[in-house]
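Below is one structure, written out as structure tokens, with a few remarks after it.
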Number of protein chains: 2
Amino acid sequence: MSWNAAETEGKILDLAESLIRKNGYNGVSFRDLASGVGVKSSSVHYYFPTKEDLGAKVARRYTDRFLNALGDPQDGPVTASEIVKKLHGLFVSALGSDGQMCLCGILAAESAGLPESVVTEAKSFFDRVSEWMTLSLSRTEWARNRSEEEIKAEALSALALLEGGMIIARVQNDPALLTTLRPQLAR
Amino acid sequence: MSWNAAETEGKILDLAESLIRKNGYNGVSFRDLASGVGVKSSSVHYYFPTKEDLGAKVARRYTDRFLNALGDPQDGPVTASEIVKKLHGLFVSALGSDGQMCLCGILAAESAGLPESVVTEAKSFFDRVSEWMTLSLSRTEWARNRSEEEIKAEALSALALLEGGMIIARVQNDPALLTTLRPQLAR
DNA sequence: GTCTATAATTTGATAGAC
DNA sequence: GTCTATCAAATTATAGAC
């Protein structure tokens with residue numbers, strides 16, 4: 001039946017996202033995915049002809065969901081503090097209890113050796129989240145006496161702080177560390 | 001002759017560091033190292049019996065050099081701004097013109113799937129640099145009316161901002177981006 | 001859509017000659 | 001110390017039956 005197809009494809013995407021966030025792109029194999037989902041590796045190739053194809057689709061889906069969770073900047077928080085809180089909250093819940101990295105963060109770290117389309121999708125995550133932050137901040141009182149460059153720099157530094165915080169929290173095995181960084185974001 | 005041994009071992013460590021920073025731990029093979037250095041892979045195993053052994057030694061050497069470049073906190077800059085500038089400068093020169101990641105940053109990102117001793121060494125980098133920052137900042141005027149926790153949080157957030165900045169600079173293919181973040185460090 | 005079977009390559013690692 | 005030779009396992013990917 002047709003819903004089986006979509007279910008297998010979805011399961012593969014879910015597991016691929018989880019495993020890449022845990023081990024990185026080079027730390028995931030088709031057989032890991034196949035055995036985890038309960039099919040053979042040739043079935044994974046049926047949905048995703050190449051690993052590059054799979055990686056790019058996982059990254060695209062991740063970014064789409066992330067921006068969906070952020071919501072429309074025109075209809076979001078109106079203070080800089082609340083905007084930053086929203087972004088921070090998404091990263092904290094992404095790190096979760098099992099210390100999973102941001103998918104595009106780990107892809108970006110590995111990017112020098114990754115297939116082109118995967119890098120393009122990882123880059124797109126930062127472009128889009130950065131744009132969301134810039135648009136959101138632009139609507140606030142905080143932005144009144146600040147230039148476009150200052151606002152963009154603030155958006156970028158918030159993202160950098162959160163990505164770096166995830167990395168450190170993970171290696172220290174201390175998810176609470178990311179929470180600690182919150183006061184550094186609100187200025 | 002004996003100096004040949006040291007030379008080969010050093011070349012392997014140099015190349016391993018460079019390749020891990022580019023592709024991550026899982027993106028480097030013994031044959032990559034061997035061909036790059038001009039020996040056979042069995043010779044690489046002669047110096048480093050296992051990949052874990054090699055990874056741990058590369059990380060340890062990287063951290064030792066990094067702290068050596070930072071210098072003795074008792075004998076360093078005395079203003080918070082200069083301390084932050086020194087750390088920032090090291091990261092900027094590490095990123096360099098070819099966009100290489102911080103070795104322990106990429107190892108930390110991959111850490112969930114890495115051998116134990118490699119993770120231990122990556123963790124040690126953040127412990128030691130964080131301690132350097134905390135000790136250095138504690139000696140400044142800036143620290144006078146601040147608690148131990150506040151100082152540690154500042155050290156940690158500076159590190160997080162720089163690691164995250166490297167990641168984003170790399171995927172955006174824009175090393176200057178890390179320079180942009182500098183004003184966010186000085187408070 | 002999923003399977004079996006398999007190809008072609010790469011990987012980490014070892015044994016033993018020189 | 002470096003080599004040749006080799007191994008067992010894992011990797012991405014394809015062909016073709018059901």
Side-chain angles (χ1 to χ4, degrees), chain A residues 1-20 22-59 107 110 112-119 121, chain B residues 1-20 22-59 106-107 110-119 121:
Chain A
M1 299 153 194
S2 62
W3 54 265
N4 264 329
E7 202 164 87
T8 297
E9 188 174 9
K11 280 183 186 172
I12 294 168
L13 285 169
D14 287 344
L15 184 58
E17 177 179 319
S18 176
L19 289 181
I20 294 173
K22 190 184 168 212
N23 301 326
Y25 181 89
N26 288 321
V28 178
S29 75
F30 275 75
R31 275 178 174 77
D32 291 336
L33 296 170
S35 72
V37 167
V39 295
K40 295 297 174 179
S41 70
S42 53
S43 293
V44 180
H45 279 284
Y46 170 79
Y47 294 102
F48 309 97
T50 68
K51 193 178 179 182
E52 172 172 5
D53 187 58
L54 172 61
K57 278 177 179 151
V58 169
L107 289 178
E110 294 180 290
L114 298 188
E116 189 187 0
S117 66
V118 180
V119 178
E121 291 301 331
Chain B
M1 301 154 189
S2 61
W3 54 265
N4 263 331
E7 201 165 90
T8 298
E9 188 174 9
K11 280 183 186 171
I12 293 169
L13 285 169
D14 287 343
L15 184 57
E17 177 179 320
S18 177
L19 288 182
I20 293 174
K22 191 185 166 214
N23 300 326
Y25 181 87
N26 288 320
V28 178
S29 75
F30 275 77
R31 277 176 173 80
D32 290 337
L33 297 170
S35 72
V37 166
V39 296
K40 295 297 174 179
S41 70
S42 53
S43 293
V44 180
H45 279 284
Y46 170 78
Y47 293 103
F48 309 97
T50 68
K51 194 178 179 183
E52 173 172 5
D53 187 59
L54 173 62
K57 277 175 180 152
V58 169
I106 195 165
L107 289 178
E110 294 179 290
S111 63
L114 298 187
E116 190 187 358
S117 67
V118 179
V119 178
E121 291 301 331

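These numbers were taken from a predicted model, which means no experiment stands behind them. Naming: A, B, ... by sequence-line order, numbering from 1 per chain.
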Atom CZ of B:F30 and atom P of C:dT14 are separated, to the nearest Å, by 10 Å
Taken to the nearest whole Å, NZ/B:K40 to C1'/C:dT10 is 15 Å
Sorted by chain and number, sequence neighbours left out, salt bridge (Lys or Arg N to Asp or Glu O under 4.0 Å) with B:E17 holds for B:R21, B:R61
Atom CZ of A:R31 and atom P of C:dT6 are separated, to the nearest Å, by 13 Å
(Q) For a quick check of understanding: with a heavy-atom distance under 4.0 Å over all strands, which category does A:K51 fall into, base, sugar-phosphate or nothing? (A) sugar-phosphate
Residue set satisfying salt bridge (Lys or Arg N to Asp or Glu O under 4.0 Å) with B:K22, at least two apart, ordered chain then number -> none
| Is any side-chain N or O of A:S42 closer than 4.0 Å to OP1 or OP2 of C:dC3? | no
Whole-Å distance, B:I12 CD1 to D:dG1 P, equals 12 Å
Atom NE2 of A:H45 and atom P of C:dT4 are separated, to the nearest Å, by 15 Å
| said: Regarding B:S29, tell me which of base, sugar-phosphate or nothing describes its non-hydrogen contacts under 4.0 Å with the strands shown. | reply: sugar-phosphate
Whole-Å distance, B:L54 CG to C:dG12 P, equals 10 Å
Could you tell me whether the phosphate oxygens of C:dT2, OP1 or OP2, come under 4.0 Å of any side-chain nitrogen or oxygen in A:T8? yes
Using distance alone, with no hydrogens and no angle criterion, decide if A:D53 and A:T50 have a side-chain donor and acceptor under 3.5 Å apart. no
May I ask you to say what A:V28 touches in the nucleic acid, namely base, sugar-phosphate or nothing, with a heavy-atom cut-off under 4.0 Å? sugar-phosphate
Between the CG atom in A:L33 and the NZ atom in A:K51, the distance rounded to the nearest 0.5 Å is 8.5 Å
Separation of C:dG1 atom P from A:K11 atom NZ, nearest Å, is 15 Å
Taking only side-chain nitrogens and oxygens of B:Y46, does any of them come within less than 4.0 Å of OP1 or OP2 of D:dT2? no
When rounded to whole Å, the CG to C1' distance for the pair A:N26 and C:dT11 reads 13 Å
When you measure from the centre of the six-membered ring of A:Y47, is the NZ or CZ of A:K11 closer than 6.0 Å and no more than 45° off the axis? no
